[in-house]
Structure formats: C-alpha cells, structure tokens
Amino acid sequence: MPTVLIPAPLRPHAGGNASIDASGVTVAEVLAALTSTHPALKQHLFNDEGKLRSFVNIYLNDEDIRYLNKQDTAVAASDTLTIVPSIAGGAQ
Amino acid sequence: MLRHASACYPRECCGILLGAIAEDDTRTVTTAVPCANAYQGDQSDRFELDPKDQFEAQRLARTQNLEVLGFFHSHPDCDAYFSATDLANSWPWYSNIVISVRQGAYDHARAFRANETQSESHPEELQCPQS
Ligand SMILES: [Zn+2]
C-alpha cells in the first residue's frame with residue numbers, strides 16, 4: 001500500500017501519525033482513502049470545490065505531482081506521497 | 001542563519017529550522033538550513049520557500065531523527081514582527097523566526113507561532129544554541 005508522510009501541523013488531524021498507509025492507484029484515490037480514514041484532514045488539504053489547496057504541495061517520491069499528472073498521477077504500492085506545506089511571507 | 005540574513009540584504013532571506021522537541025514541549029533548533037528566496041518579484045519585502053527545499057528538509061529531518069520545527073526569514077530595514085502577510089502565508093504549529101537586518105547588519109530577532117486558525121500569532125521562546 002502507498003505510504004503518505006504527514007507534516008507536523010497536520011498530525012493532530014491524522015490521529016497523531018507521521019506516516020499513514022492508504023490504498024489507491026492514483027494520487028486522488030490515495031488522498032481520498034486518507035481523508036476517509038481521517039476526515040479532519042479534508043479541510044486542510046482541499047478547498048470547498050474539492051480541489052487541492054494552493055498552500056498544499058504533494059510529492060510522489062521525489063517529484064512534485066504538479067509537474068507529473070497532478071492528482072491523476074499513477075501511484076504504485078511501493079510509492080511514498082509526501083505532503084509539503086507552502087510557506088511564504090513578507091514584511092508588509 | 002544570521003550570516004544568510006546579512007548576505008541576502010537588501011532582499012529578504014529565508015530558510016528552514018530543524019531540531020528536536022523535548023517532552024516538556026521545549027523546542028531546540030539544531031540546524032538552520034539557508035534556502036533561496038523563490039518569490040517572483042521584489043524580494044525586498046517578500047519571500048517564498050521553494051517546496052522542493054522543504055521536501056528535502058523534511059527528508060533530512062527524518063534521516064537524522066529530527067523534526068522540521070519551522071522557518072526563518074529576514075525583514076530588511078524593518079523590525080522583527082510577524083506581519084499580516086507572514087501570518088496569512090504561514091501554517092499553525094510551526095515556529096517562525098523573524099530577523100531584523102538594518103543596513104546589512106543583524107539587529108534583533110523574534111520567534112512567533114500562529115494559532116490553529118491563523119487568525120493571530122504569539123511570541124515564543126526557542127532555544128538556538130548555534131544560530
Ligand atoms: Zn515577515
């Protein structure tokens with residue numbers, strides 16, 4: 001089963017886990033399985049239209065899925081998905 | 001961290017803080033990883049971390065049994081406050097060090113943490129032995 005690595009700010013919404021196995025053969029399916037087990041994660045990953053929030057990046061192994069096939073990217077059982085929060089800011 | 005802040009002046013610098021969390025929840029930063037400012041535009045008052053740098057930092061943290069504790073960035077010729085822009089583009093839980101750099105030299109620094117809804121931030125204490 002693919003493994004999803006959870007960044008620290010989202011662990012309280014994921015039963016305290018740093019890594020969770022979730023089934024699926026595409027990124028979308030794996031994330032759907034993840035959020036059905038941990039519904040509290042949903043609002044942190046997806047906007048009201050069900051799209052991935054712009055503050056959330058998903059890596060399949062070493063690659064940002066934005067540069068692959070986005071959420072339709074195929075996932076193998078041995079793959080790892082990493083959730084990477086976007087961080088920015090400024091003095092003004 | 002402070003060298004990076006001076007070197008990037010008059011642009012904002014940014015980077016990632018790795019470290020450990022004690023059982024009493026004290027956070028100790030052991031490594032500050034300087035990163036390129038990925039903001040497309042005037043970097044004198046904006047910064048953005050490249051998600052790839054964060055991905056690599058998360059991996060580095062895992063291999064060293066550390067945690068990504070948060071991030072640092074500089075405010076050139078400004079005080080070290082947590083601005084509305086900083087708050088809107090931050091995440092809860094993480095520690096954020098803001099470094100004031102004046103005329104290219106370190107002036108002062110403060111650490112902040114955003115609340116769960118990112119509606120406000122609070123100053124916090126961080127241990128940074130080798131900053
Ligand atoms: Zn700032």
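Values reported hereafter were calculated over all heavy atoms of this structure, with side chains retained and with hydrogens, waters and symmetry mates removed.
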Do Val101(B) and Val98(B) sit in the same hydrophobic cluster, where Ile, Leu, Val, Met, Phe, Trp and Tyr count as joined when their side-chain heavy atoms come under 4.5 Å apart?
-> no
For the side chain of Gln54(B) and the backbone of Pro85(A), is there at least one donor-acceptor N/O pair under 3.5 Å apart?
-> yes
Under 4.5 Å from a heavy atom of chain A, the part of Ala80(B) involved = neither
Give a yes or no answer on whether the side chain of Tyr81(B) reaches the backbone of Ala91(A) with a donor-acceptor pair at less than 3.5 Å.
-> yes
Is atom CD of Glu120(B) surrounded by more than 12 heavy atoms (other residues, nucleotides or ligands) closer than 6.0 Å?
-> yes
Shared hydrophobic cluster for Leu5(A) and Val56(A) (ILVMFWY, side-chain gaps under 4.5 Å) | no
So what's closer than 4.5 Å to chain A heavy atoms on Cys14(B): side chain, backbone, both or neither?
-> neither
Please state whether the side chain, the backbone, both or neither of Ile83(A) comes within less than 4.5 Å of a heavy atom of chain B.
-> backbone
Hey, is the main chain of Pro9(A) close enough, under 3.5 Å, to the side chain of Trp91(B) for a donor-acceptor pair?
-> no
Please answer whether the main-chain N or O of Glu63(A) pairs with a side-chain N or O of Lys52(B) as donor and acceptor at a distance below 3.5 Å.
-> no
So if you build clusters from Ile, Leu, Val, Met, Phe, Trp, Tyr with side-chain heavy-atom gaps below 4.5 Å, do Leu68(A) and Leu52(A) land together?
-> yes
Take atom CG in Asp48(A); do more than 12 heavy atoms of anything else shown fall under 6.0 Å from it?
-> no
Keeping the roles fixed (side chain from Asp86(B), backbone from Gly90(A)), state whether a donor-acceptor pair exists under 3.5 Å.
-> yes
Note: Val84(A) and Gln58(B) closest approach over all heavy atoms is CA-NE2, 4.0 Å
Any idea which of Glu116(B), His73(B), Glu56(B) has the most non-hydrogen atom pairs under 4.5 angstrom with chain A?
-> Glu116(B)
Any idea which of Gln43(B), Arg62(B), Arg46(B) has the most non-hydrogen atom pairs under 4.5 angstrom with chain A?
-> Arg46(B)
Between Phe55(B) and Asn61(A), which heavy-atom pair has the shortest distance, and what is it?
-> CZ-O, 2.9 Å
Just by modelled atom types, is the Gln92(A) backbone N or O under 3.5 Å from a matching donor or acceptor in the Thr85(B) side chain?
-> yes
If you measure from CG on Asn57(A) to CG on Leu49(B), what distance do you get to the nearest 0.5 Å?
-> 10.5 Å
Taking the side chain from Glu67(B) and the backbone from Ala8(A), do they hold a donor-acceptor pair closer than 3.5 Å?
-> no
Given side chains that start at C-beta, do those of Trp93(B) and Pro7(A) come closer than 4.5 Å, heavy atoms only?
-> no
Looking at CD1 of Ile87(A) and CD1 of Ile16(B), how far apart are the two atoms once the value is rounded to the nearest 0.5 Å?
-> 9.0 Å
Heavy-atom closest pair, residues Ala88(B) and Phe55(A) = O-CZ, 3.7 Å
Consider only side-chain heavy atoms of I, L, V, M, F, W and Y, link residues closer than 4.5 Å, and tell whether Phe46(A) and Ile65(A) are in one cluster.
-> yes
Applying the 4.5 Å side-chain criterion to the ILVMFWY set and letting contacts propagate, would Phe112(B) and Phe71(B) be lumped into a single cluster?
-> no
Any chance you could measure Asp62(A), atom CG, to Arg59(B), atom CZ, to the nearest 0.5 Å?
-> 4.5 Å
